[in-house]
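Per chain, numbering begins at 1; letters A, B, ... match sequence-line order.
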Amino acid sequence: MSKLKEKITGILTDALKECGYPEKEIFLDKPKEDRFGDISSNVAMLLAKELKSAPGKIAAEIISKIPAGNPLISGVEIAGAGFINFFINDSYYKNEIKNILTEGDNYGKSDINKGLTANLEWVSANPTGPLHTGHGRQLCLGKAVANLLEWTGYKVTREYYYNDAGNQMNNLALSVKARYMQIFDKDFPFPEDGYAGDYVKEIAGKIYKEHGDSLKAGDDLDLFRKEGEEFTFKLIKKTLDRLDIHHDIFFNETSLYENSEIRKTLEEFKSKDLSYEKDGAVWLRMDENQGFQKDKVIVKNNGEPTYRLPDIAYHIDKIKRGYDLIIDIFGSDHGDTYKEVLYGVKALGYDADKIKVIIHQMVTFKIGNESFKMSKRSDNVYYLDELIEDIGADAMQFFYVMRGANTHLDFDISLAKDRSEKNPVYYLQYAHARICGILRNAAEVFPGFSLTDHNNPVTELISTPEEMRLIKVLSEFPDEVINSSETFEPHKIITYLNSVAENFHRFYHNNRVIDEQNKNLSMCRLYICLAVKHVLRNGFDLIGISAPEKM
RNA sequence: GCGCCCGUAGCUCAAUCGGAUAGAGCAACAGCCUUCUAAGCUGUAGGUUACUGGUUCGAUUCCAGUCGGGCGUACCA
């Protein structure tokens with residue numbers, strides 16, 4: 001909560017006490033219309049029922065107890081059904097310009113979670129092939145969420161978990177082996193559900209180059225698996241690098257076998273009678289009362305665990321590492337399975353409350369009027385690298401993040417690719433480029449001028465409605481960051497940045513910045529421009545898009 | 001069938017604990033470039049928030065049901 005809101009909350013709390021009203025948590029809203037002030041509270045309406053009195057009357061009582069003469073507040077009014085509306089003095093917002101300029105790249109950061117640690121696990125694609133557009137939403141979402149958490153003070157560990165022991169890697173090994181065999185015999189059968197991408201041929205070619213035909217006879221798949229994993233991981237990491245995503249920990253499933261954690265977890269289930277054997281497999285008892293329909297297999301009848309068991313062991317490991325917050329990001333296709341994993345974790349007595357799961361819905365792509373989904377069919381994969389080349393990394397990240405994770409996203413490739421005013425990314429970036437242009441021009445008109453006096457910027461001349469509106473919007477940035485961070489919803493930042501750009505463009509059209517005849521006013525507006533530039537850049541950084549100096 | 005998610009303007013989507021006249025962009029229409037980037041600005045039009053009921057001073061938001069869409073419902077992950 002911003003200092004402004006803290007103060008208003010304090011004032012209201014005190015007034016409630018003065019009135020002898022019961023304590024109420026104060027929620028402050030930003031009214032939609034200027035005439036309702038800058039901050040409003042509905043506390044009188046909330047009290048109305050308890051006190052069996054009219055909200056308007058209660059509001060009047062509260063206002064009468066608010067001490068007059070607070071320099072922050074220029075007015076308090078009752079409106080509508082009993083809202084208490086606060087009008088904030090312009091000087092507060094003018095002063096906020098100073099804060100933006102002095103804090104610069106740090107404006108918007110807060111320390112409300114200082115000293116806390118968070119672990120964000122995402123991407124976590126198994127190394128069976130390059131990242132594709134189906135992974136894109138999660139990639140960009142996670143990147144932004146990690147940034148948001150850091151901006152509110154968390155120490156964030158970025159983690160990538162992958163199953164290198166299961167079926168999928170086996171399948172990759174078989175696919176590579178088949179391509180290798182096809183070098184000698186082009187009719188050698190390819191596995192029906194094998195990975196058909198060209199990279200598999202590349203891996204096979206590499207193996208052939210290094211080992212010739214010496215692997216033709218053997219049945220051993222280890223080398224094919226190992227080469228396949230290494231090669232595809234290189235591709236994956238290259239794509240992540242392009243997007244400036246860097247994980248601190250790559251956690252592989254195998255390590256949980258090596259340190260016996262999986263065995264221990266299984267024994268714990270058995271000893272607590274949470275599992276039983278049937279048909280040669282080990283089943284986890286699921287609680288019907290928690291909405292589970294049937295028991296789930298955790299060890300197959302061939303002795304191999306299903307993904308659930310290592311996943312449970314993995315989450316227990318993360319809990320044991322002591323993070324204050326643990327976040328997983330999954331697509332909606334995992335919507336049910338994560339619940340099973342958390343159930344297992346809880347059943348063994350671990351505190352799963354600190355685990356938060358972000359589920360995002362699937363993405364439909366659209367080119368022109370044609371829609372298509374990322375198909376699992378291997379001949380129809382749209383790789384992320386291709387998308388980056390088609391539309392650019394900025395537009396891609398913007399489009400993946402711009403909507404709430406829980407809505408089905410329609411990704412309009414034609415629109416994202418469009419290098420015209422239709423493309424919403426440019427609306428934001430253009431505002432930044434425009435400011436840079438103004439600053440360049442200012443340097444020519446006012447040789448030797450500087451905007452370095454951050455502690456005392458010229459703000460007393462701020463007066464026009466566009467200027468006031470703009471600086472009010474700017475001052476909301478820290479709250480927006482906190483709000484997005486707490487709800488893990490980076491799209492709110494984009495919505496917010498849009499309003500910054502909108503208000504800047506309007507300001508630009510109605511308030512000429514550089515005026516040779518009036519240097520004081522010019523300086524004042526240049527400082528506003530600089531403040532807008534900082535907020536835009538900081539917001540862009542959170543989302544991961546660049547801030548162009550020219551367009 | 002069952003479970004989870006979604007349904008808001010022609011299209012894609014916002015809407016902060018349940019709050020005031022539900023907002024943007026695109027598309028449509030009408031304007032604005034001898035002045036700091038027109039990738040911009042201004043205006044018009046566009047809505048029974050899928051439907052029906054309930055709770056509430058107040059519902060896009062909460063509850064129940066109906067309809068429609070997505071995902072899952074594996075000894076895949």
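- For the pair A:Arg434 and A:Tyr508, the distance from NZ or CZ to the six-membered ring centre is under 6.0 Å and the angle to the ring normal is within 45 degrees.
- Partners of A:Phe488 by ring-ring contact (aromatic ring centres under 6.0 Å, His included), not counting sequence neighbours: none found.
- Computed from coordinates, the A:Asp336 CG to B:G72 C1' distance equals 5 Å when rounded to whole Å.
- Heavy atoms of A:Ala442 sit nowhere under 4.0 angstrom from any nucleic acid atom.
- The residue A:Asn301 sits close to a base: some heavy atom pair falls under 4.0 Å.
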Determine, for nucleotides 10-22 of chain B in 5'-to-3' order, which nucleotides have protein heavy atoms under 4.0 Å from the base (write B), from only the sugar-phosphate (write S), or from neither (write -). -SBSSSBB-BBB-
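- Two residues are said to be in side-chain contact when any heavy atoms from C-beta on lie closer than 4.5 Å; A:Tyr314 and A:Tyr161 meet this criterion.
- Annotation: A:Lys7, atom NZ; neighbour count of heavy atoms from other residues, nucleotides and ligands within 6.0 Å does not exceed 12.
- Look at A:Tyr496 and you won't find any side-chain N or O under 4.0 angstrom from OP1 or OP2 of B:A24.
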Check nucleotides 32-35 of chain B against the protein and report each pair of N or O atoms closer than 3.5 Å, with its distance, or say if there are none.
residue : atom : partner  : partner atom : Å
B:U35   : O2'  : A:Arg512 : NH1          : 2.8
B:U35   : O2'  : A:Arg512 : NH2          : 3.1

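- Counting only Watson-Crick or G-U wobble pairs whose defining distances are both under 3.5 Å, the stems of 3 or more consecutive pairs in RNA chain B are B:1-7 with B:67-73, B:10-13 with B:23-26, B:28-32 with B:40-44, B:50-54 with B:62-66.
- Residues from residues 122-131 of chain A that place a heavy atom under 4.0 Å from any atom of RNA chain B, listed by number: A:Asn126.
- Taking the side-chain hydrogen bond (donor to acceptor under 3.5 Å, both in side chains) definition, one finds that A:Asp38 meets it with A:Lys472, sequence neighbours left out.
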